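The figures that follow rest on heavy atoms only: side chains count, while hydrogens, waters and symmetry mates do not. Computed from a prediction, not measured in an experiment: that's the story for all the values here. Throughout, protein chains are lettered first and strands after them, A, B, ... in sequence-line order, and every chain is numbered starting at 1.
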Protein chains: 2
Amino acid sequence: MHSILRMSTVKKILIADDEPDILEIIQYNLQAEGFEVITAKNGNEAIEKAKRSLPDLIILDIMMPGKTGMEVCNLLRQQPAFKNTLIIFLTALSDEGTEVKGLESGADDYLTKPISPKVLVSKVNALFRRFSNDGPKVLKVGDLEIDREKYMINFKGNDIVLARKEFELLALLAGKPGKVFLRNEILNTIWGTEVIVGDRTIDVHIRKIRQKLDLDCISTVKGVGYKFEI
Amino acid sequence: MHSILRMSTVKKILIADDEPDILEIIQYNLQAEGFEVITAKNGNEAIEKAKRSLPDLIILDIMMPGKTGMEVCNLLRQQPAFKNTLIIFLTALSDEGTEVKGLESGADDYLTKPISPKVLVSKVNALFRRFSNDGPKVLKVGDLEIDREKYMINFKGNDIVLARKEFELLALLAGKPGKVFLRNEILNTIWGTEVIVGDRTIDVHIRKIRQKLDLDCISTVKGVGYKFEI
DNA sequence: TTTTTGCCTTAACAATTTGATAATATAACA
DNA sequence: TGTTATATTATCAAATTGTTAAGGCAAAAA
């Protein structure tokens, strides 16, 4: 039942905790709800698996060997890919201070141990209901359709395949047609503040988009940046 | 909470301090207020990241290895891009002299260590309330429309393309119709204090604007400067 | 595992635009 | 009229972007 109804949008959840029992309890309950679950036993593993699987939600234990949940959270939030990922902290301390700190460090909610499966499941569902942009993530501008979910472009009925960076760049520009995006703005949004790439990288991606779309929709504003317009 | 706050324009704040603890404290408190925070561990990093991310506010520790906060401030202020960026100094010395020097060197406010998170947050909010120039980026004067975001000029329905300097110059003059801008004023605003250009450079740009607009909207005040009026 | 594929970045060079200057002309003003 | 400040124009260097090809690397396939 679930499986069919949710086919299109099965949410991926990553859980990180060093206690195997807790990991199992959470995993069992979330899988029973129809979520796809990925687990990690420590902070570093969490980061790796998060990067690999790009989950919709990450549940992080605060106390973990290696990297704490908060450290993981901060590190992930610095990357563009995780700017909008939901993050929940898990803490044994019902300590007020920790709770506040957790939210400060960029988490969307927190859970205290011992965990009640009902509370867990309802919080998770509530978060998805509240924040998941399940709406049609299709952006239409003229004859161009940009499907952020499927990572696909359709122009006049023809599907066009763009690589990830190309897609993100086009989606960014087309998100505000007419607005000139400064090169720095583009770098910050797509590459983040930590990564540094060469001067010509943006140009090359722009070139590929122009080429694949075979449509003069991105114009250069010399000395300023690029803008999308039909 | 993230996701929702991000909806509108989230203010970007860059913090530069060589003490990791202070950096962290400030970061936590500002993130809790919903600001986007970028950090730097020294003066040079601060300059790099400032250029890259163009923050709305920069918080600079005075005492830093490499470049001091004041040096960073002075360097940034010389550039047109940072003429209107808010800058706050952070100092351990509640020394009067330093404070005054700080404000002289172009900072908008200062904070003394040890830092009270409440004071910090309220100062930051106060500054944004007072100076936030989030106004609409379209300037309309008569039949002329200047769209700073789209980098476009529209006159009586016709789009006009100006080069960057021309655009900036027109935008500056049209920003206060009737006001006479001294040549020095123009040089400082558009070229910055570090760049030195010849006497005739402004004239040539003015000429190009007049030509492209085909409209007698910039008048010369001999011996003084230029003004925009319809 | 090994191989293959394709993405991302970079380097190198070409093409283009911009912006500054010099030289000269014109206008404003004493 | 002579002096000063601005207008105009053409020119050239510098800054910026366009283009192509090649290599590193990681994911996917064999």
Side-chain angles (χ1 to χ4, degrees), chain A residues 47-54 79-81 151-153 160-173 180-187 189-192 194-214 216-228, chain B residues 51 79-81 151 153 160-173 180-184 186-187 189-192 194-228:
Chain A
I47 291 178
E48 270 180 37
K49 292 201 172 177
K51 283 183 187 168
R52 176 170 312 195
S53 60
L54 298 175
Q79 302 179 15
Y151 259 62
M152 290 257 295
I153 305 285
I160 296 167
V161 182
L162 294 188
R164 186 167 47 240
K165 289 278 188 228
E166 291 157 23
F167 184 91
E168 283 173 8
L169 185 46
L170 177 60
L172 173 65
L173 297 182
V180 176
F181 288 81
L182 312 181
R183 281 168 170 271
N184 279 330
E185 221 169 337
I186 295 173
L187 289 174
T189 311
I190 297 187
W191 279 268
E194 306 302 317
V195 185
I196 295 179
V197 293
D199 271 352
R200 302 268 64 72
T201 302
I202 293 183
D203 307 48
V204 173
H205 286 294
I206 291 278
R207 154 115 178 88
K208 287 190 178 163
I209 295 174
R210 283 171 170 160
Q211 199 170 292
K212 287 187 182 175
L213 257 64
D214 190 28
D216 193 21
C217 59
I218 296 178
S219 50
T220 305
V221 181
K222 216 164 169 162
V224 188
Y226 294 94
K227 69 176 161 181
F228 178 94
Chain B
K51 284 182 185 168
Q79 302 180 5
Y151 241 87
I153 305 285
I160 296 167
V161 181
L162 295 188
R164 192 179 58 182
K165 285 276 191 265
E166 291 156 24
F167 184 93
E168 283 172 8
L169 184 47
L170 177 59
L172 173 67
L173 296 182
V180 178
F181 287 83
L182 312 180
R183 294 176 91 91
N184 277 329
I186 294 173
L187 288 175
T189 310
I190 296 187
W191 278 266
E194 57 184 352
V195 185
I196 296 177
V197 293
D199 272 353
R200 304 271 61 76
T201 301
I202 293 183
D203 309 29
V204 174
H205 285 292
I206 291 280
R207 152 113 181 90
K208 284 188 180 165
I209 295 173
R210 283 170 170 159
Q211 196 171 293
K212 287 187 182 175
L213 255 65
D214 190 27
L215 170 68
D216 193 22
C217 59
I218 296 178
S219 50
T220 305
V221 182
K222 201 173 157 120
V224 188
Y226 295 93
K227 71 175 164 180
F228 178 94

(request) Write down the distance between CG (B/Leu169) and C1' (C/dT18), rounded to a whole number of angstrom. (result) 15 Å
(request) Please state how far atom NZ in A/Lys165 lies from atom P in C/dC7, giving the value in whole angstrom units. (result) 14 Å
(request) Give the rounded distance in Å between these two atoms: CD1 of B/Ile209 and P of C/dG19. (result) 11 Å
(message) Do A/Leu169 and A/Ile218 make a side-chain contact, defined as non-hydrogen atoms from C-beta onward lying under 4.5 Å apart?
(response) no
(message) Just the rounded figure in Å: distance from C1' of C/dT18 to CD of B/Glu168.
(response) 13 Å
(message) Run the salt bridge (Lys or Arg N to Asp or Glu O under 4.0 Å) test against A/Lys212 and tell me which residues pass, sequence neighbours left out.
(response) A/Glu166
(request) Only counting residues at least two apart or in another chain, list the ones meeting side chain to side chain contact (heavy atoms under 4.5 Å, CB included) with B/Leu215. (result) B/Phe155, B/Leu213, B/Cys217
(request) Report the residues that fulfil ring pair (Phe, Tyr, Trp, His ring centres under 6.0 Å) with B/Phe167, sequence neighbours left out, ordered by chain and then residue number. (result) B/Tyr151
(message) Strictly below 4.0 Å: does A/Trp191 bring a side-chain N or O up to OP1 or OP2 of C/dC8?
(response) no
(message) Angle between the end axes of the helix from C/dT1-D/dA30 to C/dA30-D/dT1, five pairs per end, to the nearest 10 degrees?
(response) 30°
(request) Spell out protein contact along nucleotides 9-23 of chain D as letters: B when the base is contacted, S when just the sugar-phosphate is, - when no protein heavy atom is under 4.0 Å; keep the 5' to 3' order. (result) B------BBBBB---
(request) List for me each residue that meets salt bridge (Lys or Arg N to Asp or Glu O under 4.0 Å) alongside B/Lys227, sequence neighbours excluded, and say none if there are none. (result) B/Glu229
(message) Is the shortest side-chain heavy-atom distance between B/Ile190 and B/Arg164 below 4.5 Å?
(response) no
(request) Output all residues satisfying ring pair (Phe, Tyr, Trp, His ring centres under 6.0 Å) with B/Tyr226, sequence neighbours left out; order by chain, then residue number. (result) none
(request) Map A/Val195 and B/Val195 onto DNA chain C by nearest heavy atom, then report which one ends up closer to the 5' terminus. (result) A/Val195
(request) Could you tell me the separation between the CZ atom of A/Phe167 and the C1' atom of C/dC7, rounded to a whole number of Å? (result) 16 Å
(message) Test of understanding: with side chain to side chain contact (heavy atoms under 4.5 Å, CB included), list the residues that count as partners of A/Val195, not counting sequence neighbours.
(response) A/Trp191, A/Val197
(request) Measure from CG on A/Leu162 to P on C/dC7 and round the result to the nearest Å. (result) 10 Å
(request) Just jot down the side chain to side chain contact (heavy atoms under 4.5 Å, CB included) partners of B/Glu194, sequence neighbours excluded, or say none. (result) B/Gln78, B/Gln79
(request) Determine: side-chain N/O of A/Thr201 to OP1/OP2 of C/dC8, distance under 4.0 Å, yes or no. (result) no
(request) Round to the nearest Å and state the distance from B/Ile190 atom CD1 to C/dA20 atom P. (result) 10 Å
(request) Using whole Å, report how far CD1 of B/Ile202 lies from P of D/dA5. (result) 14 Å
